[in-house]
Every structure is written in C-alpha cells, then in structure tokens.
2 protein chains.
Amino acid sequence: MQNSEALVLAAALLAAAGDLTQRINDGVVARGFEVRPAHGFAFTRLAPDGATVTELAAHLGVTKQAASQLVDEIVRKGYAERRPHPGDARARLVVLTERGWACTRAAEEAAAEAVRVWVELIGEGEVRALRDQLVRIAPYGPIRPAW
Amino acid sequence: MQNSEALVLAAALLAAAGDLTQRINDGVVARGFEVRPAHGFAFTRLAPDGATVTELAAHLGVTKQAASQLVDEIVRKGYAERRPHPGDARARLVVLTERGWACTRAAEEAAAEAVRVWVELIGEGEVRALRDQLVRIAPYGPIRPAW
DNA sequence: ACCACATAGTCAAGCTACTTGACCACTTGC
DNA sequence: GCAAGTGGTCAAGTAGCTTGACTATGTGGT
C-alpha cells in the first residue's frame, strides 16, 4: 500500500468517525437531552454498575480533575449521582439515574439511525464487516477525541 | 442490526480514528516536526496549489478566525507562507514551503507505518476493503475533531 | 501498632484552541 | 457607482482541559 493511500484511509476514518459522532449527538439532543459527545462515552463506562472518578478518567483518557468536572456536570443535569463507595471510604461510586439510562437508550437509537444511512449506502453485510474489522484493530485504550 | 451494535461500531470507529491520528502525529513529531494533528489536515488542503484562509476554514470546519490563527502558527513555524492572491486583491493564498512539503511527506510515511500494524493484524486485503468502504460512506464534509 | 507512602477526590489557577463581534479592504451586481 | 457581499484580521470572551496543592482514607513494612 502506497504512503499516500494510508493518509486517504486516515482522512476517511476521521471523517466517518466525526460524522457518526455528530449524528449520534444530534439525535440524542433532538430527543430532549442536553449533552455533548464526551458524556455519551462516559455513560457507556458508568452503565453497568457505576464507576469511580478515577476509573472514568482512565476510560476517557483525561486527568481525574477533568473527569470530576464532567461528573459535576452530568450530576447537575440529573443524569448521574455520586454515592459512597462500598468498601472504600475514600472513593465515591458514580451511577446513572433513571434519566441517565433514558439518555443511554436514546444514544443507542440515534446510533442505529445513523448507521442505517450507511446500511443503505453499502449494505448491511458490509457494515457488519466494517464493524468486525474495526473491533479487531481498535485498541481497548481510552476513548479520546480524534485530535 | 440491533441498537446496541451501532454504538459498538461508533466506539470502535472512534477508537481506531483516535489511535491512528495519534500514531501519525507521533511519527511526524519523531521525524523532527513540531506540529499537532490539525496541522496535518490543513496541509492536505494546502498541498496541491495552496488555499485561502476561508477555504481552509471550510475544510477544517472552524471559523475563518480560527483558521487564520492556525495559519499564523504554521507560518511562524516555517511550514507555509502567505502570498498575494492572483486575481483577488482581498484574498491571500497560503502555500506550503519546502519544509511544509517535507512535513507532508513525513506524515505519509508515518501513516503508512501506522497502517502497516493493521495490515499485520487483519491482512492487506481487509485494510484495502476497509478503506474503500470508508471512502464510500465518509461524507466529503469538513474534517473535524471527533468531538 | 505505628508511620511512611500510595491512592481517591476536590479546590484553585492557568492555558489553549476555539468562539463571537466589530471592523476594514476589496469585489460584485443592479 | 453605490449597496451588498466576501476575504481577512484584531480583539475579547469562553469551554474544557491542564498542572499544582491539598485533605481524607487505605496499605504495607518493620
């Protein structure tokens, strides 16, 4: 593969990721939730059983101060709440509220809607293949803004 | 495709894009250029024949003031220069210097190096297929940070 | 049992890459 | 040839991050 082709791949990947992210966020906002994209990726970490601020910081690839500010924001907006951590009095467990769960479901709907456009473009099988390949090459590292 | 699968696709896409962007930028920095990722995407627009600040702003999806500041920076660092625009005395044509071209070539090398890792993971044919599919679904809109 | 050290979290201040608003120079179209 | 539009910059404000400092709690060695 030529060098210049690699840059084309990078540009297309960035464009697709940016487009998808924006479509999902727009869809969530249209459903009545006041959020930005970073919140969504925080929610996916909080979703199963909650998480501490430090765990969230690692997931998002930011400092724990930044993660703490983000938690302040989603708590203030009613999507999550801080609870005492069972088994560690220093830590606090951040868990989603019912509204937080509703927002998560809205994000899934919006994502499905955005992907549907792609399915119409290249077909469901191709989208699945795309996803499978991406899952194989995507590192399980922090979810970060692309730049 | 279930709703939750769409979010998995989005997360994988974001992770892959973020990872690739960072690898490319690290590679360019390692080759002795002091840049950030947004510069690279500016370069790809400037590369053929130069561009005006307004065109660059549209390409990057930011205000023309922001684009102007970015041009200030890459001019100060010696990667580009402002020239009078032939045929429009209001505009100025921003063109790459020789160092700017060298940086672009370094980005291509770094991108190829990063993609090589993927080729080893899933094979060259799959990477090509990935690129082709992405090119088909990626809108030709602005290149933006993923969030 | 104690004390040094590590870790969870927050407060405060600062920075950077953006934004909005105002403005001038030049161009375009009626 | 003047009104409206466009290219570019200057200035000020802002959002979301950073680094630094600190308290409270947990951990491990002697």
Side-chain angles (χ1 to χ4, degrees), chain A residues 14 18 21-22 25 29 34-43 45-46 49-77 79-95 142-147, chain B residues 14 18 21-22 25 29 34-43 45-46 49-77 79-95 142-147:
Chain A
L14 257 297
T21 302
Q22 187 165 347
N25 198 62
V29 170
E34 190 197 353
V35 289
R36 46 196 181 89
H39 296 153
F41 293 98
F43 285 12
R45 182 63 184 81
L46 299 179
D49 304 298
T52 65
V53 165
T54 298
E55 288 165 350
L56 195 55
H59 179 68
L60 296 175
V62 297
T63 60
K64 55 186 182 174
Q65 292 92 324
S68 187
Q69 285 177 14
L70 191 139
V71 170
D72 285 346
E73 192 179 342
I74 62 179
V75 164
R76 180 165 38 79
K77 290 179 179 168
Y79 300 119
E81 54 187 29
R82 287 183 165 96
R83 293 193 181 161
H85 193 290
D88 190 339
R90 293 171 303 177
R92 314 175 70 174
L93 196 62
V94 182
V95 297
I143 301 288
R144 300 228 42 175
W147 78 71
Chain B
L14 256 298
T21 302
Q22 186 164 348
N25 198 62
V29 169
E34 190 197 353
V35 290
R36 44 195 183 87
H39 296 154
F41 293 98
F43 285 12
R45 182 64 184 83
L46 299 178
D49 304 298
T52 65
V53 164
T54 299
E55 288 165 349
L56 194 56
H59 178 69
L60 296 175
V62 297
T63 60
K64 55 186 181 174
Q65 292 91 324
S68 187
Q69 285 178 15
L70 191 139
V71 169
D72 285 346
E73 192 180 341
I74 62 179
V75 165
R76 181 164 38 79
K77 289 179 178 167
Y79 299 119
E81 53 186 29
R82 289 183 164 95
R83 293 192 182 163
H85 192 291
D88 191 339
R90 293 170 304 177
R92 314 174 72 172
L93 195 62
V94 182
V95 297
I143 301 287
R144 300 228 40 172
W147 76 71

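By convention in this document, chain letters (A, B, ...) are assigned in the order of the sequence lines, proteins followed by strands, and residues within each chain are numbered from 1.
Neither OP1 nor OP2 of D/dG7 sits under 4.0 Å from any side-chain N or O of B/R92. Regarding contacts with the backbone of D/dC17, a side-chain N or O of A/R36 is found under 4.0 angstrom from either OP1 or OP2. Within the structure, every side-chain polar atom (N or O) of A/S68 is placed at least 4.0 Å from both OP1 and OP2 of C/dG9. For B/R82 and D/dT9, the shortest distance from a side-chain N or O to OP1 or OP2 is below 4.0 Å.
The main-chain N or O of B/F41 is found under 3.5 Å from a side-chain atom of B/H59 such that the two form a donor-acceptor pair.
Nucleotide C/dC18 holds its P atom 13 Å from the CZ atom of B/F41, rounded to whole Å. B/D72 has its CG atom 15 Å from the P atom of C/dT16, to the nearest Å. Atom CG in A/L56 sits about 15 Å away from atom C1' in D/dG16, given to the nearest Å. Put simply, CG on A/D88 is 11 Å from C1' on D/dT27, counting in whole angstrom units.
With hydrogens and angles ignored, a donor-acceptor pair under 3.5 angstrom links the side chain of B/R90 to the base of D/dT6. Taking 3.5 Å as the limit, the base of C/dG21 and the side chain of B/Q65 contain a donor-acceptor pair of atoms between them.
When all heavy atoms of A/G50 and A/V95 are compared, the closest pair comes out as CA-CG1, 3.9 Å. Scanning both residues, B/A42 and B/L70, for their nearest heavy atoms gives CB-CD2, 3.8 Å. In terms of heavy-atom proximity, B/L93 sits nearest to B/P86 at CD2-CD, 4.4 Å. When all heavy atoms are compared, the tightest approach of A/V94 to A/R82 is CG2-CG, 4.3 Å.
Positionally, the nearest nucleotide of DNA chain C for A/L93 lies more toward the 5' end than for the other of A/Q69 and A/L93. Taking for each of B/H85 and A/G61 the nucleotide of DNA chain D with the nearest heavy atom, the 5'-most of the two is the partner of B/H85. When each of B/L70 and B/K64 is assigned the nucleotide of DNA chain C with its nearest heavy atom, B/L70 is the one assigned upstream, toward the 5' end.
Of the listed nucleotides (C/dG9, D/dG26, C/dT19), C/dG9 has the atom at the smallest distance from the side chain of A/A91.
Among the protein residues, B/T52 comes within range of the sugar-phosphate backbone only, with heavy atoms under 4.0 Å from sugar or phosphate atoms but none that close to a base. Residue contacts shown for A/T63 include a base, since a base heavy atom lies under 4.0 Å away. Using a 4.0 Å heavy-atom criterion, one finds that A/A89 contacts the sugar-phosphate atoms exclusively.
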